[in-house]
Structures are given as structure tokens and as C-alpha cells.
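What follows is a set of notes on a single structure, which appears directly below.
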Amino acid sequence: MKNSVAASADISFKNLRRLYLFALLTIAITVILSQLLLQYNLYCQLSDSRIINISGKQRMLSQKLTKEILILNYVIDSTKTNQEISRIKETIALWKFNQNALENGNDSLGFPKEKSKELSELFKNAKPNFESIISDASLFLENRKTGIKEVENKKLVKSILKNEVVFLSKMNQIVSEYDKEALEKVTLQRKTEYAILLFTLLVLLLEFLFIFKPTNKKIEKLISKLLFSQKKALKLAQDTEIMSEIKENSVKELKSLNYAMENTLLYCRVAPDGSLIHIGEKFSKLLQYNPFVSDKTFSQVLTPIEKEQQLIDQIISQRHRSGWQGEMSITNRNGEAIWLELSMVPVTITKEESELLIICFDITERKKAEQEVERLNVENVTHKINQQKVISSKIVENQENEQNRIAREIHDGIGQMLTGLKFSLESINLDDKEKAAQKIEYLKTLSLDIIKGVRTATFNLMPPELSDHGINSALAKLCQELSKLTGKNILFYNKSNFDQRLDSLIEINIYRLTQEAINNAIKYANSSHIIVQLSHSNSILSITIDDNGKGFDVIEAEKKRNSESGMGLLFMKERIQYINGRVFINSIPSEGTRITFNIPI
């Protein structure tokens with residue numbers, strides 16, 4: 001089978017090699033012929049362009065010769081006459097050379113000797129005028145050189161002018177004929193190139209249909225046969241090796257399992273009476289026990305403490321049939337406490353023989369960590385309780401201070417003004433109308449001051465805008481009132497046009513937090529400009545308070561919990577946490593502070 005496939009593959013590849021060589025040779029010959037024809041046509045076009053250029057130049061030279069003869073006819077100075085004669089002779093020589101090259105061909109210029117019938121006829125018609133101009137010009141130069149026959153020179157000039165017009169007309173016909181023949185050559189070259197291109201495409205199409213496509217099918221069939229043979233060979237090889245691999249894998253698995261149990265697990269085998277059958281290497285190292293000493297029970301190996309041994313023996317005697325799992329603290333031979341998680345699994349060897357497979361995990365470090373976590377939790381709870389006590393005492397103290405402040409404001413401000421109002425009312429004498437009118441005006445002003453004082457006191461307690469219109473109007477009013485009272489530039493911006501109403505508890509806490517932040521900026525930071533900005537998204541309401549005060553070190557202020565600034569930050573955090581919000585404080589000494597409250601909505 002393999003020999004037949006190899007033989008067919010060899011034949012197919014030989015045919016493929018021959019077909020590819022034939023295809024490449026055909027394409028190469030086509031490309032070479034196309035390039036040769038293209039180069040030949042380019043050479044012909046270059047020669048034609050040069051001929052047309054020289055033909056056009058002949059017309060220019062004839063006009064130049066006529067012009068120079070006319071100039072010479074009017075020159076009197078002998079020196080200029082000789083210069084003009086020499087220039088005309090050069091022009092005549094170049095004119096004759098070009099005309100001869102055009103008419104008879106020239107190898108150096110690449111002009112062909114053979115011309116079409118039309119061009120030969122045109123050159124033949126132009127020749128008499130050309131020769132007449134040459135002879136008249138030569139005779140004119142001889143006469144001018146000797147300075148005689150002025151009358152004859154005039155006739156010669158007229159003859160030159162007459163023949164020059166006819167020569168120009170015939171040279172125009174020659175140039176047109178050259179241009180026409182060059183166009184015909186280019187058209188023929190284009191058609192030839194198209195024909196070569198079509199032939200090349202036809203060759204490629206035939207090669208695809210009769211060479212590449214059949215060859216591709218043969219190669220696919222050959223590869224499929226080779227793949228099928230390879231699969232059969234691999235299957236046979238696998239079948240012959242499968243038994244040996246299974247045996248080797250079984251041995252390896254047993255070795256790996258034994259190594260894993262000895263070096264990674266804390267395990268041992270114990271008889272139902274508690275005697276030790278086998279102990280793993282890692283377990284023996286942990287217990288500092290020599291495994292070659294086999295006269296001790298499992299409890300004696302595990303711990304030297306008699307009470308602990310009795311507990312272990314009791315568990316084995318009671319659970320050697322059902323098994324047991326749990327945590328146990330033992331004392332090793334160095335007097336150190338070790339925590340083990342034991343799993344006792346009963347294993348039946350025969351109907352009359354059984355044993356216990358004991359697997360342990362050393363959880364000493366975990367137990368130590370749990371104890372440490374418990375200790376830290378107790379300390380944290382104690383710290384929290386102490387902190388709450390401090391906060392509660394500060395809150396009570398602040399409430400007392402606030403109540404005293406309100407009482408002083410009412411007593412010193414509103415109370416004094418009411419007393420003054422009472423005395424002023426009692427002192428009004430209606431008989432003295434002029435003084436009575438003055439006192440009434442004074443009483444009006446005093447009444448307005450009393451109303452303003454009452455509003456200020458009630459505003460500090462609970463602003464009516466907060467309950468009537470919500471947090472947006474309340475914060476705007478707060479900034480306006482504090483700006484009037486303190487003389488500071490306090491501005492409020494509702495950047496996202498927030499106009500929702502929130503829970504009254506959330507609104508009052510937001511109001512108090514903002515009020516606290518503004519008061520801190522005025523009282524402690526000595527700020528002259530404070531900006532309060534309110535913005536929101538679908539789930540967050542954000543309030544930002546920026547000031548240009550002296551700033552502070554946030555980390556140091558949080559460490560000083562007993563100071564006024566430290567307690568102020570703590571109160572802010574406690575209040576914002578009460579409404580499930582977050583506070584962010586950024587401050588740079590000597591530059592200013594930004595406080596941001598984010599509250600879920």
C-alpha cells in the first residue's frame with residue numbers, strides 16, 4: 001500500500017514539474033516578446049519625436065535666415081557687415097545639414113533613410129524652393145562682401161522672401177505628415193500591446209484550466225491517501241504500546257501517591273486497639289517520632305500528656321467503626337501546643353481485619369491567626385465604644401453650647417430690643433404729637449430689627465427653605481445669609497440644575513454638613529472666597545466646598561482626635577456615614593481646601 005502510494009506520488013510530481021516548467025516558459029516568452037516590442041516602439045517614437053523637432057527647427061531656421069538677410073541688406077558698417085555674413089553662413093550650414101539629414105537620413109541622429117511615399121513627395125516638392133533660397137542667399141552674401149550689385153541684391157532678397165513663404169508652407173505639410181505617421185505608429189503599438197495582453201491572459205486561463213486545477217485535485221487525493229495511511233500507522237503504533245503505557249502509568253501513579261502521602265500529608269494507619277501500624281514521614285517529623293520504633297500506641301506517639309492520650313484512646317475505641325472528624329489541641333515533646341484537624345476513616349481489609357486511616361492537617365498557624373483576629377476585634381470594639389463615648393460627649397457639649405448661644409442671642413439681642421420696645425411704648429405721650437411721631441418711627445425700625453433677629457435665630461435652628469423647597473434652595477439661602485453676616489464672598493452654583501426632594505433626614509444632614517464645612521472655612525482657614533457647588537448623576541448627589549484659606553495637613557489632623565480640628569473631621573465622617581454617604585477631604589497648606597460629600601440618591 002505504501003509503495004503504491006509513493007509510486008503514484010512520484011509520477012504525479014514529475015508530471016506537475018513538467019507542466020509548471022511549460023507554464024512558466026510560456027509566460028516568460030510572452031513577457032520577453034512584449035518587452036522587446038515595447039523597447040522597439042519606444043526607440044521609434046524617440047526617433048519620430050526628434051525628426052518632428054528638427055522639422056520644426058527647419059522652419060525656424062528659414063525664418064531666421066530671411067531675417068538675417070534683411071538685416072544685412074540695411075547694414076552699412078563694414079565690421080557689422082562681416083559679422084552678419086559670418087552669422088548667416090553658420091545658419092545656412094546648419095539649415096543645409098538638417099535638411100539633408102531629414103531628406104536622406106542620418107545615422108548619428110537616428111534618422112531613417114527610407115521614408116514613406118508621401119514624405120518623399122513632399123521633400124521633393126520643397127527641394128526647389130530650398131535650393132533657390134540657398135543659391136540666392138549665397139549670391140547675396142558674395143555681393144555684400146564685395147559691396148557691388150545693389151540692385152541685384154534687392155531682387156535676390158525678394159526672391160528669398162518669396163521662396164521662404166512657399167518653403168514654410170511645404171515644411172508645415174512635412175511636419176503634419178510626420179505627426180500623422182507617428183500617431184499611426186502609436187495606435188498600432190497600443191493595439192499590439194492589447195493583443196499581447198489578451199494572449200497572456202488566455203495563456204494564464206488555459207494554464208489554470210488544464211494544468212493548475214487538475215494538478216490541485218491530484219494533490220488533494222494524494223494527500224488524503226497519505227493522511228489515511230498515517231492514521232492507520234499511528235493507530236497500530238498506539239495499539240502496540242497501550243499495554244506497556246498502562247503498566248508504566250500505574251506504577252508512576254502508585255509512586256506519586258506514595259510520595260505525596262509521605263511528604264505532603266500528615267497521615268498514619270492505626271489498628272482498632274490504638275496500636276500504630278504505619279506513620280508518614282512528614283507526620284513523624286512533626287511529632288518528632290522515630291518511625292522505626294513500633295512499640296507505642298498512636299496516642300503515645302501523638303502526645304506525652306496522659307490526659308490527652310486518654311482522650312485520643314477514647315475516640316479511637318468509640319469511633320473505630322464509624323469514623324470521626326474534628327479539631328484537637330495537643331502538646332508536643334517540647335511542651336508546645338499544636339492544633340490538628342483530624343479525620344479518622346475506617347478501612348476494611350478483610351471481613352475480620354480492619355484499620356483506621358488517620359489524616360491530619362496542621363492548623364496551628366490558623367488558630368493563632370484566629371486568636372489574634374479575635375483579640376484585635378475586642379480591641380477594636382473597645383476603641384469604637386470609647387470613640388462613641390467621646391463623640392456622644394462632644395455632641396452633648398455642642399448641643400449645650402448651641403443652646404447657650406441661642407439663649408444669649410435671644411436674651412442679649414431680641415430680649416433687649418423687646419425691653420426697649422416696651423419702654424418706648426410706655427414713654428409715648430399722645431399729647432405731644434411731634435415727639436410721638438418720632439417715637440413711632442423709631443418703634444417701626446426697632447420692630448424690623450426684632451423681626452430680623454427672630455428670623456436669624458430660627459434660620460440657625462431650622463431654615464424654612466429646607467422644609468419648604470428642599471436642599472437646593474436651602475443651600476443657596478445659607479450661602480447668601482452667611483455672605484451678608486460675615487462679609488465673605490460665598491457663592492453657590494447648582495451645576496446640574498438639581499431640583500429633587502430627598503428624605504427630610506438626608507436633607508437636614510446635608511445642610512448641617514455644608515454649614516459645618518463653610519463655618520470651618522470661615523473660622524479656622526481665614527478664607528475670603530468660598531464656592532459651594534451642587535451636582536448630581538443618576539445615583540449620586542455631590543456637594544463640593546472650595547475655599548482659598550490657609551489649608552491644613554489632613555493626615556496630621558486625623559491623628560489628633562482630641563483636638564478641635566480632629567474631632568470636627570470625625571463628626572463629619574460620622575454624620576455622612578449616618579446617611580450612607582462618603583466624604584473626601586483634599587487640602588494643601590497655604591493654598592486651600594476642598595471638601596466633597598457624595599450621597600446616594
Side-chain angles (χ1 to χ4, degrees), residues 383-384 386-388 390-395 397-399 401-402 405 459-460 463 466 471-472 474-496 498 506-537 540-600:
H383 177 70
K384 281 285 186 180
N386 294 332
Q387 192 177 55
Q388 289 296 329
V390 174
I391 293 172
S392 300
S393 63
K394 287 292 183 180
I395 291 172
E397 182 181 348
N398 288 338
Q399 289 176 346
N401 293 335
E402 185 68 14
R405 184 185 63 79
F459 179 80
N460 289 331
L466 187 62
I471 191 64
N472 179 29
L475 292 181
K477 184 68 174 177
L478 174 66
C479 294
Q480 183 181 358
E481 292 296 328
L482 289 177
S483 182
K484 289 180 181 179
L485 292 172
T486 62
K488 307 290 185 180
N489 192 9
I490 305 174
L491 303 176
F492 174 75
Y493 297 101
N494 186 354
K495 296 176 66 177
S496 59
F498 179 78
I506 295 176
E507 287 186 340
I508 189 62
N509 276 283
I510 293 173
Y511 181 84
R512 293 304 181 196
L513 284 166
T514 308
Q515 187 180 36
E516 177 72 14
I518 296 173
N519 288 333
N520 288 341
I522 296 171
K523 184 176 180 182
Y524 301 112
N526 295 327
S527 305
S528 59
H529 289 77
I530 301 171
I531 298 176
V532 180
Q533 300 180 78
L534 185 146
S535 61
H536 78 290
S537 62
I540 296 295
L541 175 66
S542 182
I543 295 142
T544 303
I545 301 95
D546 291 301
D547 67 68
N548 64 341
K550 59 185 180 180
F552 62 96
D553 190 330
V554 179
I555 298 175
E556 291 296 327
E558 288 181 346
K559 289 180 180 179
K560 298 176 181 178
R561 291 295 177 89
N562 296 326
S563 65
E564 191 169 359
S565 60
M567 291 305 299
L569 296 179
L570 184 60
F571 290 154
M572 278 189 183
K573 290 183 179 180
E574 290 290 334
R575 188 184 284 272
I576 197 71
Q577 288 176 3
Y578 183 67
I579 56 175
N580 297 323
R582 298 183 67 188
V583 60
F584 302 94
I585 303 173
N586 295 315
S587 183
I588 301 175
S590 303
E591 293 190 16
T593 302
R594 164 171 285 192
I595 298 177
T596 302
F597 302 110
N598 288 342
I599 302 96

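Being a predicted model, the structure only gives us computed values, none of them experimental.
- Taken to the nearest 0.5 Å, the CG atom of Leu475 stands 8.0 Å off from the OH atom of Tyr511.
- What you find for Phe498 and His536 is that their closest heavy atoms are CD1-CG, 3.6 Å.
- If you take CD1 on Ile530 and CD1 on Ile522, they are separated by 4.5 Å, rounding to the nearest 0.5 Å.
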Under 3.5 Å, which donor-acceptor pairs do the side chains of residues 578-586 form with other protein atoms, sequence neighbours left out?
none

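- The shortest non-hydrogen separation linking Gly551 to Ser587 is CA-OG, 3.3 Å.
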- Task: Begin from the C-alpha positions of Ile595 and Phe597 and carry the test side-chain contact (heavy atoms from CB on, under 4.5 Å) through to its verdict.
- Result: CA-CA 7 Å; Ile595 298 177; Phe597 302 110; 3.6 Å; yes
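- Scanning both residues, Lys495 and Ser535, for their nearest heavy atoms gives CB-CB, 4.3 Å.
- Within the model, atoms CG of Leu491 and CD of Gln480 stand 11.5 Å from one another, a figure rounded to the nearest 0.5 Å.
- Rounding to the nearest 0.5 angstrom, the gap separating the CD atom in Gln515 from the CD1 atom in Ile510 is 13.5 Å.
- Leu513 and Met572 get closest at one heavy-atom pair: CD2-O, 3.8 Å.
- A side-chain hydrogen bond (donor to acceptor under 3.5 Å, both in side chains) with Arg594 is found for exactly one of Asp546, Thr544, Asp547, namely Asp546.
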- Task: Could you walk me through whether Ile543 and Thr596 pass the side-chain contact (heavy atoms from CB on, under 4.5 Å) test, one step at a time?
- Result: CA-CA 6 Å; Ile543 295 142; Thr596 302; over 6 Å; no
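- Here the CD1-CD distance, from Ile490 to Glu481, works out to 10.5 Å after rounding to the nearest 0.5 Å.
- For the atom pair Lys488 NZ and Ser528 OG, the distance stands at 6.5 Å (nearest 0.5 Å).
- Between Asn489 and His529, the shortest heavy-atom distance links the atoms ND2-CD2, 3.0 Å.
- Minimum heavy-atom separation, Gln533 to Ile531: CG-CG2, 3.7 Å.
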